[in-house]
Every structure is written in C-alpha cells, then in structure tokens.
Amino acid sequence: MERRSFSLDLSRLTTERRNPASAHIDSCTTLEMVTIMQQEDSKIASAIEKILPEIARAIDATSQRLENGGRLFYLGAGTSGRLGILDASECPPTYGTDPELVQGLIAGGIPAIFRAQEGAEDNPGLAVHDLKEHGFSAKDVLVGIAASGRTPYVIGGLKYARELGALTIALACSEHAEIAALADIALTPVTGPEVVTGSTRMKAGTAQKLVLNMLSTGTMIKLGKVYGNLMVDVKASNKKLEERAIRIVMEGSGCERTEAEKALKGADGHAKLAILMVVAGVSASEGKALLERTSGHLAAAIRLAAGGMNA
C-alpha cells in the first residue's frame, strides 16, 4: 500500500500550539494544576455550541442514509479511532442495533485499540483497504475523525468515500482542517491548544466524544430507537439491563411491574413491543405488524393502533 509523502508544519495546527495558560503547569501545586485543566475543559461546551447547526445537518443526513439501508462508519487513528470504536460498540446494547450498522475502524486494526501502531496513520491507502474489507459502498456514511484534521489515513478514507458517492462527514478540532474540505459536512469544534502541548486526548478528544454522542444518539432517535427519552430498543443482555427493560416498560406504558414483566415475556424481551402491547391492548403479533408499518417508531404505532389497524 502506497504511503503519502508530505511535509508537516505543526505550528499551523491549532491543536499543536502551546497554551500560555499552562506554560508553567509543571511548577504549580496539584490544586492549581487541576484548576487549569478544568478551566480549559470549560471551553469545550462553547466550541460545540458554535457548530450545533452542522451537527443537526449531520444527524439528518446520516439517519436518512441508514433508513435507506446504509451503514455508519467511523474512521480514525489513535485516540480519534478509539473514540469512534467506543461509540460504535455501544450502539448494539443501547439501541438493539445490528453490530454491522455502526462500525469503527482504526489505523493499524484491532491491535491499535490497545497499543499505538507506529506509522499506520501515515498510510492513506490503508484506509481504502480497510473500507473495502468491510464492503463500504455509496449507500454508507463515513465520519473521518482527526483532531488535527490532517491525518493521512483519514484523508485517504474520505477521498475514497467521496469517489464512491457516500456521505462524508469530517470531525476535527483544528481551524482550516484539511479533512473539512473533503467532506459533505464539516464538524469543527475548535477547542484551542491543549494543556499539555499536542496531547489531543484531552480537550480535543473530549469534544470529539461529545460530538459523537450527539451524532449517534440523534441518529438513533430519528430511527425510532427512543420513545420519549426511553431507550425502548435496549438489548436486555444482563441482569441490569433486564431490570432496566422492566422499568422502561413501566414508565413507557404506566403499568405496574407485574404487567410489565408479563408483557416483556410475551414480547420475547423487547421493551418497545411490550409497551405497545400494554398501551394499545394488542397481541405480540399485532404489535409486530404495527411496528413494521411504522418502521419501528413506537409513537406512530400507538397512533396507528388507536385509529385501527387498517387506518
């Protein structure tokens, strides 16, 4: 795989500049040290607030692709790649999604999740290889994540995705990020220089995590995975989640625990179906038909049941 040759001027990157607020942090007391960190972290929320319209656009565009059979891929190196994998891995238990629906790819593969794989991020062709291995297509969405906005691995992936006609989203924390120019939607929360110069696992990483939280959560809400603020497609794979499913049915339908447990048993553990059975007074098979007709949106299924199955 061909590596990209490039000259790199770190002084141009917002995330690599020195932060005057922490210039003497090595000689501070411990309390002064953590106070500086907290004061810098407090700037993250305002950086994200400035790009909320772009985040909303990304959610709308992503959910539309997924409704039409596409998948969501995160692509990054180092901390950025690990954050994408973290977000992707939490979608199946939280929203009952197929593990293939949201996926995270990292430069260097699985070993890079636990230990840095030197040089992997400098290979743009590696991203193309990784995407091809997962059957990435024009129907899909690629979110390229790079704090600096110039990681060759991410650039290679975004260029390939654009050539295919896939939806491309760039998430960077540096002004004039190179990856922003390669994306249909650019998400650029500029968090400023880090407390420890260049340590982008700090403010930049936190901002990326918050944006990814919004992107995946907003998309799942749009896909009908949430009713009110209840995760009605939760996968009850352990005792804690089984108990959560019972509480979700109780809160979503207003029924007592005994009825919730009975409905969940009849719904084979699916909280969304159990709520519909209780609220609409329908059988499991009737509930499944209603949810099928409303693409899994519980509120719409309840309205449809109220109007009659043939409405």
Consider only side-chain heavy atoms of I, L, V, M, F, W and Y, link residues closer than 4.5 Å, and tell whether [X] and [Y] are in one cluster.
| X | Y | value |
| --- | --- | --- |
| L131 | L72 | no |
| L142 | I185 | no |
| L223 | I248 | no |
| V278 | L291 | no |
| M37 | I44 | no |

Keeping the roles fixed (side chain from [X], backbone from [Y]), state whether a donor-acceptor pair exists under 3.5 Å.
| X | Y | value |
| --- | --- | --- |
| D184 | T168 | yes |
| K203 | D41 | no |
| K159 | P124 | no |
| H134 | D130 | yes |
| T62 | I59 | no |
| T94 | C91 | no |
| N19 | P193 | yes |
| S199 | V196 | no |
| N68 | Q64 | yes |
| R82 | I113 | yes |

Salt-bridged, [X] to [Y], with N to O below 4.0 Å?
| X | Y | answer |
| --- | --- | --- |
| E194 | R18 | no |
| K222 | D60 | yes |
| E243 | K239 | no |

Side-chain contact, heavy-atom cut-off 4.5 Å: [X] with [Y]?
| X | Y | answer |
| --- | --- | --- |
| R71 | E100 | yes |
| L164 | F136 | yes |
| V195 | I25 | yes |
| E67 | S295 | no |
| D140 | L167 | no |
| L215 | V143 | yes |
| L86 | K209 | yes |
| I85 | Y74 | no |

If you round to the nearest 0.5 Å, how far is [atom2] of [Y] from [atom1] of [X]?
| X | Y | atom1 | atom2 | answer |
| --- | --- | --- | --- | --- |
| M231 | L241 | CE | CG | 8.0 Å |
| N229 | T217 | CG | OG1 | 12.0 Å |
| F73 | Q103 | CZ | CD | 4.0 Å |
| S22 | M202 | OG | CE | 8.5 Å |
| R244 | L230 | CZ | CG | 11.0 Å |
| I55 | E49 | CD1 | CD | 10.5 Å |

Heavy-atom closest contact ([X] atom, [Y] atom, distance):
| X | Y | result |
| --- | --- | --- |
| S174 | S148 | CB-O, 3.4 Å |
| A146 | T151 | CB-OG1, 3.5 Å |
| Y95 | K225 | O-CD, 3.4 Å |
| I179 | G144 | CD1-O, 3.7 Å |
| A127 | L75 | CB-CD2, 4.0 Å |
| A207 | I48 | O-CD1, 3.9 Å |

Are there over 12 heavy-atom neighbours, none belonging to [X], within less than 6.0 Å of that residue's [atom1]?
| X | atom1 | answer |
| --- | --- | --- |
| K50 | NZ | no |
| D268 | CG | no |
| E133 | CD | yes |

Next on the checklist: If you apply the rule side chain to side chain contact (heavy atoms under 4.5 Å, CB included), what do you find for M220 with T97, and how did you get there?
Outcome noted: CA-CA 9 Å; M220 293 302 153; T97 60; 3.8 Å; yes
Checklist entry - How far apart are the C-alpha atoms of K132 and Y160, what are their side-chain angles, what is the distance that settles it, and do they pass the side chain to side chain contact (heavy atoms under 4.5 Å, CB included) test? => result CA-CA 10 Å; K132 284 182 176 179; Y160 176 69; 3.4 Å; yes
Checklist entry - Step by step, would you call E261 with R257 a salt bridge (charged side-chain N to carboxylate O under 4.0 Å, His left out)? => result CA-CA 6 Å; E261 290 175 338; R257 183 182 182 91; 3.0 Å; yes
Next on the checklist: If you apply the rule side chain to side chain contact (heavy atoms under 4.5 Å, CB included), what do you find for V282 with K288, and how did you get there?
Outcome noted: CA-CA 10 Å; V282 296; K288 287 177 183 177; over 6 Å; no
Next on the checklist: Checking T294 against L290 for the side chain to side chain contact (heavy atoms under 4.5 Å, CB included) test, could you report, in this order, the C-alpha distance in whole Å, the side-chain angles of both residues, the deciding distance, and whether it holds?
Outcome noted: CA-CA 6 Å; T294 59; L290 285 163; 5.6 Å; no
Checklist entry - Pick from I106, T200, I145, V154: which one makes a side chain to side chain contact (heavy atoms under 4.5 Å, CB included) with S80? => result I145
Item to check | Derivation and outcome, salt bridge (charged side-chain N to carboxylate O under 4.0 Å, His left out), residues E121 and R150 | outcome: CA-CA 10 Å; E121 72 171 60; R150 44 69 48 201; 3.8 Å; yes
